[in-house]
Protein chains: 4
Amino acid sequence: MAGADRKAEIRKRAAEVFAEQGYDAASIRDVARAAGLSLAGLYYYYQGKDAILFEIQHEAFRTLLEQHAEALAGVKEPQQKLRRVIDAHLAFFAGNIAEMKVMARESEQLTGKFAEKVGEQRRRYVRLVRGILDEIATHHPLRDVPVPVAVFLLFGMMNWLYTWYDPERDGSPERLANAVHRIFLHGLLGGGRAPE
Amino acid sequence: MAGADRKAEIRKRAAEVFAEQGYDAASIRDVARAAGLSLAGLYYYYQGKDAILFEIQHEAFRTLLEQHAEALAGVKEPQQKLRRVIDAHLAFFAGNIAEMKVMARESEQLTGKFAEKVGEQRRRYVRLVRGILDEIATHHPLRDVPVPVAVFLLFGMMNWLYTWYDPERDGSPERLANAVHRIFLHGLLGGGRAPE
Amino acid sequence: MAGADRKAEIRKRAAEVFAEQGYDAASIRDVARAAGLSLAGLYYYYQGKDAILFEIQHEAFRTLLEQHAEALAGVKEPQQKLRRVIDAHLAFFAGNIAEMKVMARESEQLTGKFAEKVGEQRRRYVRLVRGILDEIATHHPLRDVPVPVAVFLLFGMMNWLYTWYDPERDGSPERLANAVHRIFLHGLLGGGRAPE
Amino acid sequence: MAGADRKAEIRKRAAEVFAEQGYDAASIRDVARAAGLSLAGLYYYYQGKDAILFEIQHEAFRTLLEQHAEALAGVKEPQQKLRRVIDAHLAFFAGNIAEMKVMARESEQLTGKFAEKVGEQRRRYVRLVRGILDEIATHHPLRDVPVPVAVFLLFGMMNWLYTWYDPERDGSPERLANAVHRIFLHGLLGGGRAPE
DNA sequence: AATGAATGAGTATTCATTCAT
DNA sequence: GATGAATGAATACTCATTCAT
């Protein structure tokens, strides 16, 4: 298990480096240095730069999906579900800022098998949220916004965080989740005329 | 003026290349090829790779700010203003998809003078939107969402487009603008309780 | 044409480097240095190490096949043809010692398209010699040695040169050709019993 | 003695790897894997890559020289001796194809002490064959071919095998030995005029 | 206005080898 | 006997950029 721990630590440091410099601009030397390893030492753990990026994204999605499963356990009401999902998403992002940046910005860097696997997770995650919106939509008409579009607008609000969010200045993830949930849900379901 | 035209065309092609491959991954050779120029020929027009990226972003912001000025001319009502701004933003993005990707994804690549100038435009643009929200907020309380946060959530909905938007599948920019405007405004201002 | 000349010179120097150190052991830096170019400068002319090896082999076979065509022009008698072919082969090898070494020793290094093209030339060359032996065999029985085997034994005598031949010590290519021709032809066709 | 057995097996596997990929291109990792050992485990048996190559060549020459001694025991007639030597050489090569390839192709890779020792064996082996040819030459004039050259032409016929010989297609080593012996001896000693 | 030729600095990756256990 | 973990040095190759023409 020591090996797995070491890999987790390398992943953490690599995510920080990728978050700060960008995946392409970051050199594998920077990653090695940040991990406290020699260049060649790093390759003992990871077969290449893309394998590291893959595992960062794969692990992040794994955790995210896992936490969603927990967050939804026992919840029946669809609006409650949505709230929980937003909470979990933002809590994860706020707690893993480097990983969030990497997920949001470097999602097109993977290729081949790596891209396939992460793409699959991503689609699964999107379907999960879409499912909840579909449930909500059966109770309340969505007023001119197709569900698939609504899903991506929601993700937009949340994922764009990586460009601006500063916990000190912008409040806790919970408050943020509150704002996102309120805007999104009232926005989608609210009264027909613009409020005055 | 022929030179300016040529530069504009190079910028267009460069934006396409940067959009497809990413700024870092794209080589200046790719740009030259796409522009139908030799490598050295390209340097006659642009002093370097970053100068091209700079002008893509700078021109895009210039156009965006210009169009906002037009869009807001004579409009008094703050909610109307917001609608116009969202319209203009999405119309520009939908009409300049490559540039949009580059703006959204490569905003941290510039440094020095280039970064300063574009940063200034960006802040000016943000301030413009924030001003409108402030106006709105003086008429209606914003229910738990600080204006600065609201601004970035709005930009999130719009800028995240580059990861998913397909005009064929997701409808015209106008419809999209409608959805964004509706969600955002009703969301911010809508009734105190979750709608049922 | 200047570019072609430059490439020819690079090829020559590269052949010397590959001959001395072996293709694998030679670094592309060594080749660049020998060619009087910077590392990157070399890549302006050749797309990679294997492209250089390919052109060395390809050009050598081209010349070899060309010279054989000349050498055989107007010759009718098969034994005469064989003599001419051996002469041409050894003359080429003695005059291009570095290329010879590279041809003999590095024939399995190429892959893909490169391997195909050179392999085709090689087979064409072998067929040419085999054709001559077939002609000879129709006049004289070959005494227990199948033509294909005979061909490779002949090539063995000639190609192994790269491991030992020193013009100063071992005589001119013509004398060598004489020896090879004599041994091979008398050996193949000579009397039934071992001479005493 | 178990250690010696293990070393012999490693040598065998290493010879196969070197034969297939070439000494330079083969990595010591490949050798370890082929030998069923970890990388570090291999170093318990051999002090380095070159030590393995050395022992492959050294053992091969040792066996070759030993078998020649046996083959020549009690033989008086020089032409008989030559036949025995060719037989033994080809039998060994056909029975140790990987080693043969390595001997023929990688003879210049060793350096220092290793190169000296194997070089000494090689020279001893060459002298042995040269001695036999000298004996033959005292009975029969060699017609224009100096003995040293003749020796290398003979080795050429035999050592080039590694590039083409396929037992299925080209017949048994004995038949091959017959062909080589016949060509070489009749070629060297046969009648003054070209046979018609 | 445009280019062919060239380069210094940098990239990801691989290799033979070592050493504590 | 054997190995997991680690490394310094090297490799092929690419890049943004320049300059004489």
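Quick note: numbers below take in every heavy atom, side chains included, and nothing from hydrogens, waters or symmetry partners. Naming convention: chains lettered A, B, ... in sequence-line order (proteins, then strands); numbering from 1 in each chain.
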- Please list all pairs passing the salt bridge (Lys or Arg N to Asp or Glu O under 4.0 Å) test where one or both residues lie in residues 112-123 of chain B, with sequence neighbours left out. none
- Enumerate the residues from residues 106-115 of chain B whose closest heavy atom to DNA chain E is under 4.0 Å, giving them by residue number; use none for an empty result. none
- In residues 48-59 of chain B, which residues come under 4.0 Å of DNA chain E by heavy atom? none
Nucleotide [N], atom [atom2] - distance to [atom1] of [X] in whole Å:
X: B:K7; N: E:dA2; atom1: NZ; atom2: P; answer: 13 Å
X: A:L42; N: E:dA12; atom1: CG; atom2: P; answer: 11 Å
X: A:D5; N: F:dG4; atom1: CG; atom2: P; answer: 18 Å
X: B:I10; N: E:dA1; atom1: CD1; atom2: C1'; answer: 11 Å
X: B:Q47; N: F:dT18; atom1: CD; atom2: P; answer: 9 Å

- Task: Taking the six-membered ring of B:F18 (Phe, Tyr or Trp), confirm whether the NZ or CZ of B:K101 is under 6.0 Å from its centre and within 45° of its axis.
- Result: no
So, do [X] and [Y] sit near enough that their side-chain heavy atoms are less than 4.5 Å apart?
X: D:Y46; Y: D:V31; answer: no
X: B:E108; Y: A:R105; answer: yes
X: B:N96; Y: B:E59; answer: no

- Query: Any sub-3.5 Å donor-acceptor pair from A:Q121's side-chain atoms to A:H58's backbone N or O?
  - Reply: yes
- Item | Side-chain donor/acceptor of B:D30 to backbone N/O of B:A26, under 3.5 Å | no
- With a 4.0 Å cut-off, would you call B:K12 and B:E16 a salt bridge? no
- Query: Which nucleotide sits closest to the side chain of C:Y43: F:dT14, E:dA12, E:dT17?
  - Reply: F:dT14
- Does the side chain to side chain contact (heavy atoms under 4.5 Å, CB included) test come out yes or no for D:V17 and D:R13, once each step is laid out? CA-CA 6 Å; D:V17 171; D:R13 299 278 168 261; 5.6 Å; no
- Query: At under 4.0 Å between heavy atoms, what does B:A26 touch on the DNA or RNA strands: base, sugar-phosphate, or nothing?
  - Reply: sugar-phosphate
Hey, what do you get for [atom1] ([X]) to [atom2] ([Y]), rounding to the nearest 0.5 Å?
X: D:E106; Y: D:Y23; atom1: CD; atom2: OH; result: 8.5 Å
X: B:N159; Y: A:N159; atom1: CG; atom2: CG; result: 12.5 Å
X: A:F54; Y: A:Q47; atom1: CZ; atom2: CD; result: 10.0 Å
X: C:I52; Y: C:K7; atom1: CD1; atom2: NZ; result: 9.5 Å
X: B:Y162; Y: B:I97; atom1: OH; atom2: CD1; result: 13.5 Å
X: C:Y45; Y: C:E9; atom1: OH; atom2: CD; result: 9.5 Å

Hey, what are the protein-to-nucleotides 4-6 of chain E N/O distances that come in under 3.5 Å?
from: E:dA5; atom 1: OP2; to: C:Y44; atom 2: OH; distance (Å): 2.4
from: E:dA5; atom 1: O5'; to: C:Y44; atom 2: OH; distance (Å): 3.4
from: E:dA6; atom 1: OP2; to: C:Y45; atom 2: OH; distance (Å): 2.0

- Query: Tell me, what's DNA chain F's dot-bracket, Watson-Crick or G-U with both distances under 3.5 Å, | for other-strand, [ ] crossing?
  - Reply: .||||||||||||||||||||
- Between C:S27 and A:G36, the residue closer to the 5' end of DNA chain F by nearest nucleotide is A:G36
- Task: Given side chain to side chain contact (heavy atoms under 4.5 Å, CB included), test D:F61 with D:M103 step by step and report yes or no.
- Result: CA-CA 9 Å; D:F61 266 124; D:M103 303 274 295; 3.4 Å; yes
- Message: For DNA chain F, which residues of residues 16-24 of chain D approach it to below 4.0 angstrom with any heavy atom?
- Response: none
